[in-house]
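Worksheet for the structure shown next.
Indexing begins at 1, ligand by ligand and atom by atom, following the structure's order.
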Amino acid sequence: MHIAIIMDGNGRWASKNNLSRNEGHKIGSEVLQDIIEYAKELNIDYITAYAFSTENWSRSTEEVSGLMKLLENYLARAIKKARSENVKVRVIGKKEGLSAGIIDKIDKLEESTKDKTGTCVTFAINYGGRDEIVRACSNILKDMKEGVIVNTQISQELISQYLDTSGMPDPDLLIRTSGEMRTSNFLPWQLAYTEFYFLEKMWPEFTREDFDEALRMYSLRNRRFGKS
Ligand code: FPP
């Protein structure tokens, strides 16, 4: 139902191929587009991709501005395509820190696709899982003070409702490329019972066949959710 992806290894792949890191990200964005198309063909309900983390700001100015330009162009193209596609787009992460141009495109894209019933594609932009939890707690506190929430105990359901992913099912499968075996502050709350699939390939080398293989491996897992 829901697949989350950490698209890692663009930089290493680019250096190996004598390209700039930003060229690696550009190819990475094309691979992501193809995998989204494939996920739509497979009728996967949700696909969530980690495009830019709250920690990525510490990269070089050149890389950060290249990534921001890439994201803005990608969002602009998605707005044009949105009318003819049955895809719902969501963006999770913190708006503060993003340019007005990007925020405007995110708002337009979310608004114009909100009633679509097909695959929900979520981009994590300026996203950090701990930051998301802190923002959720602050908003709960604010709503309690303002009387929006009354007589409500803090519960897992309440916290889930205040996360950026509110209303979405938790990911069933997380795919991470490049051989790194960690989650890097991506969806820490939501990945509690998610199956992980790590592969050595760098993200620009990732193919539909690799996606098939991840699904095949997933189908062999026995998900017990803590039960016996
Ligand atoms: C990790 O590779 C990748 C990123 C930090 C950015 C991911 C972004 C994209 C694939 C393209 C933009 C996305 C959209 C939605 C247009 P890395 O740079 O950490 O690679 P390295 O570990 O080899 O250095």
Side-chain angles (χ1 to χ4, degrees), residues 3-40 46-82 85 87-95 97-99 101-110 113 119-129 131 164-165 174-187 198-208 210-211:
I3 299 180
I5 308 181
I6 301 180
M7 310 176 283
D8 196 13
N10 294 340
R12 273 164 287 168
W13 179 85
S15 330
K16 220 175 81 194
N17 290 280
N18 292 319
L19 297 169
S20 67
R21 294 182 62 84
N22 282 332
E23 284 168 316
H25 294 313
K26 172 88 175 56
I27 305 285
S29 71
E30 288 160 14
V31 169
L32 175 64
Q33 192 50 42
D34 187 55
I35 295 302
I36 291 173
E37 295 299 331
Y38 192 43
K40 275 156 55 186
Y46 295 86
I47 186 136
T48 301
Y50 207 1
F52 191 89
S53 76
T54 45
E55 289 72 33
N56 286 153
W57 294 108
S58 62
R59 295 191 174 198
S60 73
T61 318
E62 191 190 352
E63 184 169 355
V64 170
S65 65
L67 270 167
M68 288 298 145
K69 212 151 106 196
L70 183 63
L71 282 168
E72 190 161 358
N73 291 340
Y74 187 96
L75 294 168
R77 275 200 306 278
I79 293 171
K80 281 196 192 139
K81 275 176 67 179
E85 299 232 358
V87 169
K88 187 181 179 123
V89 180
R90 272 177 78 161
V91 174
I92 57 172
K94 187 164 63 165
K95 291 262 174 75
L98 295 174
S99 72
I102 293 188
I103 295 174
D104 177 59
K105 289 180 184 68
I106 291 174
D107 291 344
K108 282 203 175 98
L109 194 53
E110 287 187 325
T113 63
T119 301
C120 176
V121 179
T122 302
F123 300 108
I125 300 177
N126 197 17
Y127 176 88
D131 171 72
D164 297 346
T165 50
L174 169 77
I175 299 174
R176 180 172 189 153
T177 53
S178 96
E180 309 288 357
M181 295 190 197
R182 54 177 173 267
T183 55
S184 301
N185 206 11
F186 188 42
L187 305 172
F198 298 110
L199 68 163
E200 292 291 327
K201 272 191 176 181
M202 301 292 145
W203 177 252
E205 303 168 317
F206 191 80
T207 62
R208 291 181 175 210
D210 295 319
F211 194 74

query = Hey, does Glu180 sit under 4.0 Å from ligand 1 if you only count heavy atoms?
reply = no
task = Closest by any non-hydrogen atom to atom 17 (P) of ligand 1: pick that one out of Glu30, Arg12, Arg59, Met7.
result = Arg59
task = May I ask you to identify, for Trp13, whether its side chain, its backbone, both or neither come under 4.0 Å of ligand 1 on a heavy-atom basis?
result = neither
task = Would you check if the side chain of Thr113 reaches a backbone N or O of Val89 as a donor-acceptor pair within less than 3.5 Å?
result = yes
query = Less than 4.5 Å apart, any side-chain heavy atom of Phe123 and any of Tyr74?
reply = yes
key: Proximity winner for atom 20 (O) of ligand 1, if only heavy atoms of Ala49, Ser178, Gly11, Gly66 are counted   = Gly11
key: Sub-4.0 Å heavy-atom contact, Met202 with ligand 1   = no
ask   = Which residue holds the protein heavy atom closest to atom 8 (C) of ligand 1, what is that atom called, and what is the gap in Å?
value = Ala51 O, 3.5 Å
Nearest-option assignment for atom 12 (C) of ligand 1, heavy atoms, candidates Val121, Val64, Leu70, Ile125 = Leu70
message = Among all protein heavy atoms in this structure, tell me which lies nearest to atom 10 (C) of ligand 1, with the distance rounded to 0.1 Å.
response = Asn10 ND2, 3.3 Å
query = Which ligand 1 atoms, with their elements, are less than 4.0 angstrom from a heavy-atom of Arg21?
reply = 17 (P), 18 (O), 24 (O)
request  = Name the closest protein heavy atom to atom 14 (C) of ligand 1, giving the residue it belongs to and the distance to 0.1 Å.
outcome  = Leu71 CD2, 3.7 Å
remark   = Short version for Leu32: what comes under 4.0 Å of ligand 1, heavy atoms counted, is side chain
